[in-house]
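First listed ligand is number 1; within each ligand, the first listed atom is number 1. FYI, side chains are in, hydrogens and waters are out, and symmetry mates aren't considered; it's all heavy atoms of this structure.
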Amino acid sequence: MVGLQWGDEGKGKIVDLLTAEHDVIVRYNGGANAGHTVVVGDERYALHLIPAGILYTDKVCVIANGVVVDPIKLLEEIQALRARGIEVGDNLRISNRAHVVMPYHKWMDEALEASLHGAAEGMAIGTTKRGIGPAYADKVSRALAVRVGDLLEPERLRRTLRTIAPLHAKHLAALGWTGATIDPDALAEEFASLGRTLAPHIVDTTYLLHDFLGQGHSILMEGANASLLDLDHGTFPFVTSSHCSTLGIPAGTGVPLGRIDRVVGIMKAYATRVGAGPFPTELNDDTGDRIRDRGHEYGTTTGRPRRCGWLDLVAVRYSCMICGVTGLACMLLDVLSGFDELRICTHYRLRDGTVTDRFIPDAKRLEEIEPVYETLPGWSEEIDATTDRAGLPANAQRYLDRIEEILGVPVEIVSVGPERTQTLVAV
Ligand code: IMP
């Protein structure tokens, strides 16, 4: 399953739903920048690194090699789950080849964002400051990286950190960082201790996943962030540093593309974005405020108010195309109750007047387009108690029908509220 917009589509709820049908749940990209909220009864769980499948007792959750793991955050998450009676033991496996987010990555993230804010208008990305970009940058640089398996070898970790810490310190100084400093020995000790605690969970997840496949188990790949934030295919440079589309699955897990037989794309019935970057259908008016209020559109990870706008089907169609989506989950349809009219963007008008149905995965060029809308009649009824698609008001059904027509993909799941029960499943 994969998010088709700029994140926060309500993936946590769908992953929770789909988890019931699978044996193994896998995170293949991103890190603690993701935030999945799952509501079970009166309990609300905000998960960042651990797959939401952990809330089930009979599933194995895997943090695969494509993820960047912040061991401090991970341990906090494990402890918070245990404090609420959720078992975290053999049911959580972490790749020994996943890269580690170190404290200095978070400092670099913060320092780079601050210097871009100061130096160049419109260049800061508005990251979550979880150290994601700098950790992936070290992975690509290779020599400067620390992987989860390295935490299990304290002496080697100390030697590595003694070598790379001065280089990272120079980088931080160049970014104007005046905060905490890196003490390689103290860091080695802290992270070796984290390694000891996490050791029972650390394995080669590639072989583990292939063993599961060989035994006939079903695997759910849980995409974090969303495809329009994909490093290669999103609205670069206002993207995250991983491959969040389904294209990240083979590299991030070692499971080949050919093993994937169903792709559930998650979309909101409208659009939101957190952080900077182009957003063609953004509404900076009362309608946008109303969507934010009704949808409680504030970030799970950072608490930031989300930017809100009309549904952009040019963008979603592009995401369906690159991800190979076979069915859709349309989330938060209930938020749109009470509007006289609803608009969906079907085309973009370019600066020279040309109209296109093609997305433009490039921030500068996307900023120049004007959305072309189709207007549909709204519905006044609240729909949060509806139990099947046929029970929705006619105009809500029409809205979903139009989405299917334009995208050419069936809507398999409709969500009309945060509870597990407020879900209309059509397949
Ligand atoms: P980073 O992933 O912290 O480097 O942030 C890069 C961009 O991606 C920023 O605009 C973030 O707000 C956005 N972003 C990263 N993860 C998520 C997510 O899970 N949901 C929504 N936006 C995200």
Sub-3.5 Å pairs, protein N or O with ligand 1 N or O:
from     : atom 1 : to     : atom 2 : distance (Å)
ligand 1 : 2 (O)  : Asn33  : ND2    : 2.8
ligand 1 : 2 (O)  : Thr240 : OG1    : 2.6
ligand 1 : 3 (O)  : Thr128 : N      : 2.8
ligand 1 : 3 (O)  : Thr128 : OG1    : 2.6
ligand 1 : 10 (O) : Val274 : O      : 3.3
ligand 1 : 12 (O) : Val274 : O      : 3.2
ligand 1 : 12 (O) : Arg304 : NH2    : 3.1
ligand 1 : 16 (N) : Asn225 : ND2    : 2.9
ligand 1 : 19 (O) : Asn225 : ND2    : 3.3
ligand 1 : 20 (N) : Asp8   : OD1    : 3.3

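- Cation-pi geometry between Arg290 and Phe339 is met: the NZ or CZ atom falls under 6.0 Å from the ring centre, inside 45° of the normal.
- Listed by first and then second residue, the ring pair (Phe, Tyr, Trp, His ring centres under 6.0 Å) pairs that reach into residues 5-28 are Trp6-Phe279, sequence neighbours excluded.
- Using a 4.0 Å cut-off between charged nitrogen and carboxylate oxygen, Glu374 and Arg402 count as a salt-bridge pair.
- Contact check on Lys106 versus Asp109 returns no salt bridge, with no Lys/Arg side-chain nitrogen under 4.0 Å from an Asp/Glu carboxylate oxygen.
- Listed by first and then second residue, the salt bridge (charged side-chain N to carboxylate O under 4.0 Å, His left out) pairs involving residues 123-150 are Asp150-Arg156 (not counting sequence neighbours).
- Under the salt bridge (charged side-chain N to carboxylate O under 4.0 Å, His left out) criterion, the residue pairs touching residues 305-333 are Asp8-Arg306, Glu282-Arg307, Glu297-Arg306, with sequence neighbours excluded.
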